[in-house]
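Take a look at the structure below.
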Amino acid sequence: MTTPADIFSYRPYWAKRFGIAPELPISRCEMEQLGWDSCDVILVTGDAYVDHPSFGMAIIGRLLEAQGFRVGIIAQPDWTSVTDFQRLGRPNLFFGITAGNMDSMVNRYTADRRPRSDDAYTPDAAPGRRPDRSVTVYAQRAREAFKGVPVVLGGIEASLRRIAHFDYWSETVRRSVLIDSKADLLIFGNAERAVVALAHRLARGEAIGDIRDLRGTAWMMRREEIHSAPLLLRGEEEKPPFSKGGLGGFDAKVDAGFLHNPYETEPNCPPSTAIVAAPESRTAARALTVVRLPSFEQVRDDPVSYAHASRLFHLETNPSNARALVQAHGERDVWLNPPPIPLTSAEFDRVYELPYSRRPHSSYGAARLPAWEMIRHSVNIVRGCFGGCTFCSITEHEGRVIQSRSEDSILREVADIRDRAPNFTGTISDLGGPSANMWRLNCGNPRAAAACRRLSCLYPDICRNLNTDHAPLIQLYRKARAVTGVKRVLIASGVRYDLALRSPAYIRELVMHHVGGYLKIAPEHTESGPLSKMMKPGIESFDRFQELFDRYSREAGKEQYLIPYFISAHPGTTDEDMLKLALWLKQHGFRLDQVQAFLPTPLALASTMYHSERNPLQPVTRDSERVFVVRGQRQRRLQKAFLRYHDPENWPLLRQALKDMGRADLIGNGKRHLIPLEKSPQPPFFKGGLKAPAPAASPRKSAHSASLRKPDHSPLKKARHFPPLKKGG
């Protein structure tokens, strides 16, 4: 892996003379006020335009502006015609298309496929402002608006659909989004390096069809001949049908979807054997290799082939050794270059210190934007996650290599929030990212990091090569809360508690100074079966973390609680597993108001399990491990009901299920019972005369009845329904 050029080392484009825009224009009038006659790049997004570094379109827009390009934004356009896509005129270089910060299908539908009633990324949370599969629809409209203008896809929705993928909402395997969108190029993952290089090369006159060597990009090529890639066969070498000398200027060998790679180390083997540095000759060989995945037609028709392709895909995520991937779609191939090289801390700092206004576009007036309100006083300090949870899409998008900002840059942003953020009261709401406590934690062995193919640095145990020193993060917390004008620094990002256990001093610092009464934590389940399919630690780690949390809360003289998150209906989860989880919740006194049902997102390993009923965490064969999957809505509702065993609305469903499971002993009115007996209706007359009417209910509610009230879903109040952690329920 060669060291790429700094993304800020390019000679600026001539349009830099126009200077910095107070906010990127969304109308021709704003363009004229800036002195522009046209835009070089137009970004189309499914979110409202918020000029804040927590929003992808703002990062890409300001980064291209820093390179000298004129960038316009078309936010949440009317997709039923081309009119909105023409509002800024014809872009000189390309259209950049993104669905926004969230996948549009996840944004619009619940895990039960029901439309959501609001959209946090839209002014006043109005629903219905983006189409299903927004990337595809927007790309088609942009192509219609101005024929011949290159169309480039990016963002999480494009990343998760870059190859053939299982689509939960249609229960089918869909083609790569490149085909349906008719886009010229797709940039997956963190796009800074690729989009900067692309813009400069297009500005120099290169045709987008000739730009085939950028890491982190994918494109379509017509096949000169169709090659079969049968499961479990190695296949022959072939010359890729590139128009110009092969991948990145060299010819490549194509491996036909093998399972037993001699350079591969299994991701789930013990830490002592999981990391093996590859010899230089093998490293060079990998750099010249393209892995051919089973074709779209194969994975569409054969779930085992789909699971096999998923495993191959996920073993090629380390930027240091990942090979290019190719997947046939009929007469054409989808080609994926290796993932992008992570940003250095210096580059990361500059990206987050670009001249953002840090607020929604002024055209929205006084409209509320819930997504912005939640993060406007927070600081993103880290990217990526090496946890590898199978239900999470971070690995497929941001990758598992941690990118950290410098301490100085973070503190400057804290001061900037203090000085510029409206209504700042002295509280920084978060210093975090995908995980709260992975800042500056990376592999401590460079040779091991270059060869590693593990899917997780934390499962089944924390890798011996991983640096787990939280001392720099403790120091950062102390300096952040010492900034003049800052009263409190809270941590709202989820804490990876198994990692935090390596540093009790970090837990103490966190609990004593940075918990606002409640701390989010995600054990996800209590049983080993589901946890093994999630690649999450055992519940014993949670118990140890809880003990330290309670101890340090007492030392601080504070009444503080953990907010645990659990998932129902995850692949590998039986009804018996959910019953055991419900009993654990009752024993520990938890009454959950907000619970999560598993939602299969494209490319996630857990989604592969859901679709194929195979386990891609191990080599996939026709006879490999089968995974139990919950499919029907009734069983999904039942598993979710176990998480809310205390809700009377769930009692009829749970009573019948417990009887069917042979656990009617758990139905009763005693402390050892999970749910109460069904109340028998009293006859109007009984021995002794007419039954007296029941006394009117007291207006004073008990603590128990209060916990059953309709949940308050506001971010600040939702945790108040969790009682103290006490044994005995």
Side-chain angles (χ1 to χ4, degrees), residues 387 389 430 432 435-438 441 458-462 468 470 473-474 477 490-532 534-568 570 573 577-596 642-646 671 674 703 707 718-729:
C389 301
D430 190 25
S435 181
N437 58 318
M438 290 187 182
L441 302 187
L458 303 180
Y459 184 87
D461 196 2
I462 297 176
T468 61
H470 286 59
L473 187 56
I474 294 173
Y477 287 178
L490 301 178
I491 302 302
S493 297
V495 173
R496 186 72 192 218
Y497 56 89
D498 52 341
L499 190 62
L501 288 171
R502 292 293 183 95
S503 178
Y506 169 76
I507 300 175
R508 185 179 188 277
E509 190 79 15
L510 175 72
V511 171
M512 298 193 77
H513 300 285
H514 301 282
V515 175
Y518 303 92
L519 179 68
K520 294 189 299 184
I521 197 167
E524 309 298 3
H525 215 284
T526 58
E527 304 308 300
S528 60
L531 290 172
S532 69
M534 300 175 184
M535 291 209 296
K536 291 285 288 186
I539 197 64
E540 309 82 30
S541 296
F542 173 83
D543 292 336
R544 292 197 298 272
F545 185 87
Q546 176 189 319
E547 291 173 4
L548 293 175
F549 181 90
D550 291 343
R551 181 200 306 174
Y552 297 135
S553 293
R554 288 193 298 269
E555 287 185 17
K558 298 179 179 180
E559 187 176 355
Q560 300 183 142
Y561 310 115
L562 292 177
I563 303 178
Y565 286 87
F566 295 93
I567 296 179
S568 65
H570 190 279
T573 307
D577 292 325
M578 293 306 300
L579 171 58
K580 292 176 182 178
L581 173 53
L583 293 172
W584 185 92
L585 291 170
K586 180 176 174 63
Q587 177 189 0
H588 287 73
F590 284 108
R591 293 186 171 187
L592 310 180
D593 273 334
Q594 292 183 306
V595 297
Q596 179 182 359
F642 273 117
L643 291 177
R644 286 181 46 78
Y645 65 90
H646 55 275
K671 289 186 177 181
L674 183 64
S707 69
K718 65 182 180 182
R720 294 179 183 170
H721 309 300
F722 290 85
L725 290 173
K726 294 181 180 179
K727 299 293 182 182

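Distance OG/S553 to CZ/R508: 11.5 Å, rounded to 0.5 Å. Atom CD1 of I539 and atom NZ of K580 lie 13.5 Å apart (nearest 0.5 Å). If you take OG1 on T573 and CG on L531, they are separated by 8.5 Å, rounding to the nearest 0.5 Å. Here the straight-line distance linking atom CD1 of I507 with atom CZ of F545 works out to 5.0 Å at 0.5 Å rounding. Interatomic distance, CD1 of I474 versus CG of L510, reported as 9.5 Å (0.5 Å rounding). Note that CD1 of I563 and CG of L519 are 8.0 Å apart. Values are rounded to the nearest 0.5 Å.
Judged as a side-chain hydrogen bond (donor to acceptor under 3.5 Å, both in side chains), and not counting sequence neighbours, S503 has no contacts. Remark: Q596 engages I567 in a side chain to side chain contact (heavy atoms under 4.5 Å, CB included) (not counting sequence neighbours). Residues passing the ring-ring contact (aromatic ring centres under 6.0 Å, His included) test with Y645, sequence neighbours excluded: none. For L583, the side chain to side chain contact (heavy atoms under 4.5 Å, CB included) criterion is met by L579, L666, L674, not counting sequence neighbours. With sequence neighbours left out, E509 forms a salt bridge (Lys or Arg N to Asp or Glu O under 4.0 Å) with R478, R481.
Under the 4.5 Å side-chain criterion, counting only non-hydrogen atoms from C-beta, E527 is not in contact with M578. With a 4.5 Å cut-off on side-chain heavy atoms, C389 and K536 count as touching.
Residues V595 and R644 approach most closely at CG1-CG, 4.0 Å, considering heavy atoms. For the residue pair Q560 and V511, the shortest heavy atom distance occurs at NE2-O, 3.1 Å. Between L643 and S568, the shortest heavy-atom distance links the atoms CD1-CB, 3.9 Å. For the pair L458 and G387, the tightest heavy-atom approach, listed with the atom from each and the gap, is CD1-CA, 4.1 Å. Taking every heavy atom of both residues into account, Y459 and S532 meet most closely at OH-CA, 3.3 Å. Nearest heavy atoms, A436 versus L473: O-CD2, 3.8 Å.
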Can H513 and Y477 be said to form a ring-ring contact (aromatic ring centres under 6.0 Å, His included), step by step? CA-CA 9 Å; H513 300 285; Y477 287 178; 9.8 Å; no
Starting from the C-alpha separation in whole Å, work towards a yes-or-no answer on side chain to side chain contact (heavy atoms under 4.5 Å, CB included) for L562 and F542. CA-CA 10 Å; L562 292 177; F542 173 83; 4.0 Å; yes
If you apply the rule side chain to side chain contact (heavy atoms under 4.5 Å, CB included), what do you find for Q546 with D550, and how did you get there? CA-CA 6 Å; Q546 176 189 319; D550 291 343; 3.7 Å; yes
Show your reasoning for whether side chain to side chain contact (heavy atoms under 4.5 Å, CB included) applies to R551 and E547. CA-CA 6 Å; R551 181 200 306 174; E547 291 173 4; 5.9 Å; no
Check against side chain to side chain contact (heavy atoms under 4.5 Å, CB included), H570 and H525: CA-CA 10 Å; H570 190 279; H525 215 284; over 6 Å; no
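Not a single donor-acceptor pair under 3.5 Å links the side chain of H588 to the backbone N or O of F590. Between the side chain of K558 and the backbone N or O of M512 there is at least one donor-acceptor pair closer than 3.5 Å.
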Just distance, no hydrogens or angles: give the donor-acceptor pairs under 3.5 Å from side chains in residues 492-502, sequence neighbours left out.
residue : atom : partner : partner atom : Å
S493    : OG   : D430    : OD2          : 2.6
S493    : OG   : G433    : N            : 3.2
S493    : OG   : G433    : O            : 3.3
R496    : NE   : D498    : OD1          : 2.8
R496    : NE   : D498    : OD2          : 3.3
R496    : NH2  : D498    : OD2          : 3.3

